Amino acid sequence: MATPKPQRSPQEIEDIILRKIFLVTLAGAPSPEADPRIVYLELTAAEVLSEGKELRLSRDLMERVLIDRLSGSFPNAEPPFQYLTGCYSRASDEGRKIGSMKDKSVKAEMEEVVRQAKKLAVSYCRIHLGNPEMFGGGVSKSNVSPLLPYVFGKVASTVEGFGSTSEGVKPPPGFIEEFFGDSDFDSLDPILKQLYEDLRGSVLKVSALGNFQQPLRALMLLVSFPMGAMSLVNHPWWIPKGAYLNGRVIEMTSILGPFFHVSALPDRTIFKSQPDVGEQCFSEASTRRPADLLSSFTTIKTVMNNLYTGLKEVLLSLLKNAETRDSVLEYLAEVINKNASRAHIQVDPMSCASSGMFVNLSAVMLQLCEPFIDRDLSKKDKIDPKYVFYSNRLDWRPLTALHASSEEVAEWINKGDTEKNTKSGERNEGQNRLLQSQEATSSGSGQSSGTERAKYPFICECFFMTARVLNLGLLKAFSDFKHLVQDISRYEDTLSTLKDMQGQAPSQQVDIEIARVEKEIELFSQEKLCYEAQILRDKDLIQWALSFYRLMVVWLVDMVGGFKMPLPSDCPKEFACMPEHFVEDTMELLIFASRIPKALDGFLLDDFMNFIIMFMASPQFVRNPYLRAKMVEVLNCWMPRRSGSSITASLFEGHQLSLQYLVRNLLKLYVDIEFTGSHTQFYDKFNIRHNIAELLEYLWQVPSHRNIWRQIAKEEEKGVYLNFLNFLINDSIYLLDESLNKILELKTLEAEMSNTTEWERRPAQERQERTRLFHSQENIIRIDMKLANEDVSLLAFTSEQITAPFLLPEMVERVASMLNYFLLQLVGPQRKSLSLKDPEKYEFRPKDLLKQIVQIYVHLARGDSGNIFPAAISKDGRSYNEQLFGAAAEVLRRIGEDGRVVREFLDLGAKAKVAATEAMDTEEVLGEIPEEFLDPIQYTLMKDPVILPSSRITVDRPVIQRHLLSDTVNILSTV
């Protein structure tokens, strides 16, 4: 019978476990077959014997043995850090073995031994990393913390993202948590600071295609520990300091800056990240298969969303910690304030952070806003408008307000400060809203300039910071993208011109220029596709932004009493002082999103529609006419192109405020935009009015809107509608006249270029200049003709049902002169000089134009119950010619115009001829009219004389009214 194996005592078991964990022995040198890493601590053994103790490892000797092992110099011994992590790992292994012990008391005792061994290993890891010189042979040649690979190993994903690598050492289970879970900040802080610097360096100048995901996950892990969060916000590079600090410096040197710089968007060469996204994904994109491009788009969208989510989690961890929350807000404020000049048209890349950083920050801020941009906007009351005035976290002073001047804003702030000081001792229900917000739960209690900062809830701070970040980030990127597309278009026009020149007169210089322009187009096209990949293709990002700006408009409208019309007679000060870019950014986003297929699908636009209708024609609330014009641009984007084919049709056709106020406000804005105060107002108004005219043409087709329109024309016959008609006629005359003159100039240039012999004799530079002029004239004609067609069309369809305003004494001669002038140009002696090889290319459709002009004549004749129109036609001494009516009728018959319209038009011509004869007869009867009976402006007989109040001069009422119609400032003086 076999002898039973003797039972080991707990002391023996403890000795065995600790020898395995620490790879040391006190009982003599290990045998050659043993693990070569095992060290014989001879001196320690001698000391133990001299103390009368057994040569066994125990809890009491554990730390002493560990110190001696780390301090000594032993062959084959591992470096301190690897040794200590190995100790922790071996302790974990031993702990698992202990789990199978049957003796519960011994098991509990050994578990405590292992726990202490692990704690000791972690503790000395911290000591070693904080003081690498303490233990001999422990100084790493690398500048990177030896802990970093273990952190990377801890966060290694089973499926690495694009551009990620699996570099890292898998740490023993529980090691990282125990290492950073300690509450001794002083011992952990230097280790964490080194790790943060290492992580920052690992993503510096890394693009969306590089390995940023592993460092990002490591950052997320570190800030999840309270000490990790504290260490980060106390790092000198959390918010870098210095006299030369600017936006770019923060981006490149702060700990978080390089993470936010990771992007697919282009940056200046000196700051460019690698791998180059444009070059790698989109070079020679026109020759790539659509599937390849789609794959690149998907990859970039995926990795950028991983970045957004990771950075949001980092900030969220810091924000949830009361001790680090204010530091996050300070960092965000510093980034915003130091990059305020990103809002400028020209951005200095040396002093401002990249577009990539700010688009990333925009996405992260929008995700932080997610809890309060819900469908019900239930937390909007926590957003206090006084934050703009009394929070000194952000600098609002340089921003233009919606209506108030900078002096008015300053006056209100000073008044508020006075009230605040007066009530500083009060703590009751009667305190004003500002003091309540100061008493509210704060997102931080930082000090500024020796005074207590007003405290606001996090929702309030997050809302305003997001608004500023979006202005400098996502919305700026929209603008950059738009300019990029325009640049590509200009370069393509230049390339076309150069190729034309090369075809006519080949030269090496033109070849070089063509190659240069083609290279620029390639680079710009790569950049354009990078923007498309990161922004346009990310529907979630666009939807988050739409939700945020929906909150913005609802919150702004609450200041004026909610979504209802008419607006209050006085603009509330809070609304008047809000930054103008809040509304401008909303409109820019809506315009941009409307041009991205399906970006608006499923999103309710009613609040935006209400906001636009309320403020588009309200200069007493939104002072800037260009901002109100941008609202029209939004509506223009939403306009259904075909009946029933658009999801936005209900906004126009079944929306209460739209049915009541849209036409009225469009007409008012059409008039208001005549005077914008800008030095370019004359040219700006045409594009703005073109958008309005397109909308009006669509609304005329909707019966409910057409009925309102007719009602307005009747009520405002001598008010806004008369002004609208006057400006419409002015624009029509100018645009058509300009177009026709430019056609003559174009034909002259065309003739020069077609004479090959003479053309080739000219110097190359002159040919280049004349070719550029030719293409420039083509563009001007195309634009002017398009605008003129729109205006004439508007006159044609409205005059069918609304004739009275056209036939007012102050308007009828103006209308008749315009029609006569157009008729002269289209069928007069000069018409053949306007023939073009490809008129459609220039939007020049003389037959359609003639039909519309004749329709206006006929519509007004039908509504002319007083028979004053024929006389007004014949009275026009500049363009009227009775033969033009016959010539026009001839053309109309050839192009198939309705016979009834042609007959009515000829009848009108006959009446005009009779009126001309009668006028001549009357003039003969009257003879020479005394000067006091003549109007001093037109020298015609006054029929309704009035005395002007200021000069006391007598004039004919219709003449002075017509004269003043184009001046809304002076029209108030009309008698």
Side-chain angles (χ1 to χ4, degrees), residues 729-754 774 777-796 799 814-861 869-870 872-899 901-913 916:
I729 289 167
N730 285 352
D731 290 357
S732 302
I733 293 170
Y734 172 80
L735 290 166
L736 197 59
D737 196 35
E738 190 76 0
S739 303
L740 299 179
N741 287 334
K742 285 282 188 289
I743 287 174
L744 296 176
E745 292 175 22
L746 188 74
K747 287 174 70 73
T748 304
L749 285 168
E750 212 171 37
E752 285 178 20
M753 294 163 72
S754 62
F774 178 80
Q777 297 287 55
E778 281 190 316
N779 287 332
I780 292 171
I781 293 168
R782 192 180 300 114
I783 292 166
D784 284 355
M785 279 306 313
K786 184 177 182 180
L787 298 176
N789 290 336
E790 193 71 54
D791 287 350
V792 173
S793 173
L794 193 53
L795 288 167
S799 62
R814 180 93 173 116
V815 174
S817 297
M818 174 196 73
L819 296 172
N820 291 344
Y821 175 70
F822 288 164
L823 200 63
L824 176 65
Q825 299 299 320
L826 294 170
V827 298
Q830 299 293 319
R831 71 181 183 278
K832 289 185 180 177
S833 62
L834 297 173
S835 61
L836 291 165
K837 289 179 184 175
D838 184 9
E840 193 65 36
K841 176 182 176 183
Y842 305 102
E843 306 268 348
F844 182 44
R845 306 180 189 97
K847 292 175 184 176
D848 291 344
L849 207 51
L850 178 63
K851 284 170 77 170
Q852 288 180 322
I853 295 300
V854 168
Q855 283 169 5
I856 298 169
Y857 271 117
V858 171
H859 292 161
L860 297 185
F869 191 40
I873 292 170
S874 63
K875 200 173 182 180
D876 172 23
R878 187 180 69 153
S879 305
Y880 171 69
N881 183 331
E882 62 184 67
Q883 295 177 350
L884 295 177
F885 283 79
E890 192 73 26
V891 175
L892 290 170
R893 289 191 188 100
R894 281 205 307 271
I895 61 177
E897 178 58 288
D898 184 351
V901 171
V902 175
R903 285 194 300 276
E904 288 183 55
F905 177 61
L906 286 172
D907 288 346
L908 178 61
K911 288 179 182 178
K913 183 178 178 182

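Fair warning: this is a prediction, and the values are worked out from it, not measured in the lab. Positions are given from 1, in the same order as the sequence printed here.
Looking at heavy atoms from C-beta onward, F869 lies in side-chain contact with L908 at the 4.5 angstrom threshold. With contacts defined as side-chain heavy-atom distances shorter than 4.5 Å, the pair L740/L744 does not qualify. Looking at heavy atoms from C-beta onward, I781 lies out of side-chain contact with E738 at the 4.5 angstrom threshold. Side-chain contact check for F885 versus V854: every heavy-atom pair is 4.5 Å or farther apart. You'll find the side chain of L819 reaches within 4.5 Å of the side chain of I856, heavy atoms only. Looking at L736 and Q825, their side chains never come closer than 4.5 Å, going by heavy atoms from C-beta outward. At least one side-chain heavy atom of L824 sits under 4.5 Å from a side-chain heavy atom of P829.
Rounding to the nearest 0.5 Å places CG of L860 at 5.5 Å from OG of S799. The CG atom of L795 lies 11.5 Å from the NE2 atom of H859; values are rounded to the nearest 0.5 Å. Atom CD of residue E840 and atom CE of residue M785 lie 10.5 Å apart, to the nearest 0.5 angstrom. Separating the CD atom in Q852 from the CG atom in L826 is a distance of 10.5 Å, to the nearest 0.5 Å. The structure places CG of L834 at 5.0 Å from CZ of F844, a figure rounded to the nearest 0.5 Å. Taking OH from Y734 and CG from L787, the interatomic distance works out to 10.5 Å, rounded to the nearest 0.5 Å.
Residues S874 and A912 share a closest heavy-atom pair of CB-O, 3.2 Å. What you find for L884 and G828 is that their closest heavy atoms are CD2-CA, 3.8 Å. The heavy-atom pair separating Y880 from G909 by the smallest distance is OH-O, 4.4 Å. Taking both residues in full, the closest heavy atoms of S817 and D876 are given as CA-OD2, 3.7 Å, listed atom of the first, atom of the second, then distance. Across all non-hydrogen atoms, the minimal contact from F905 to A889 is CE2-N, 4.4 Å.
Side-chain atoms of D737 never come within 3.5 Å of backbone atoms of I733 as a donor-acceptor pair (strictly under, hydrogens ignored). No donor-acceptor distance shorter than 3.5 angstrom exists from the side chain of Y842 to the backbone of I780, with no hydrogens or angles considered. Checking side-chain atoms of R782 against main-chain N and O of K841 turns up a donor-acceptor pair under 3.5 Å. The closest donor-acceptor contact from the side chain of N789 to the backbone of E843 lies under 3.5 Å. A donor-acceptor pair is defined here as one N or O able to donate and one able to accept, closer than 3.5 Å; no such pair exists between the side chain of S835 and the backbone of R831.
Counting non-hydrogen atoms of neighbouring residues, nucleotides and ligands closer than 6.0 angstrom, the CD atom of E752 exceeds 12 such neighbours. Within a 6.0 Å sphere centred on CD of E745, other residues, nucleotides and ligands contribute more than 12 heavy atoms.
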message: Pair V827, L850 - check side-chain contact (heavy atoms from CB on, under 4.5 Å), show working.
response: CA-CA 8 Å; V827 298; L850 178 63; 3.9 Å; yes
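Judged as a salt bridge (Lys or Arg N to Asp or Glu O under 4.0 Å), the pairs with a partner in residues 877-894 (not counting sequence neighbours) are, in order, E882-K913.
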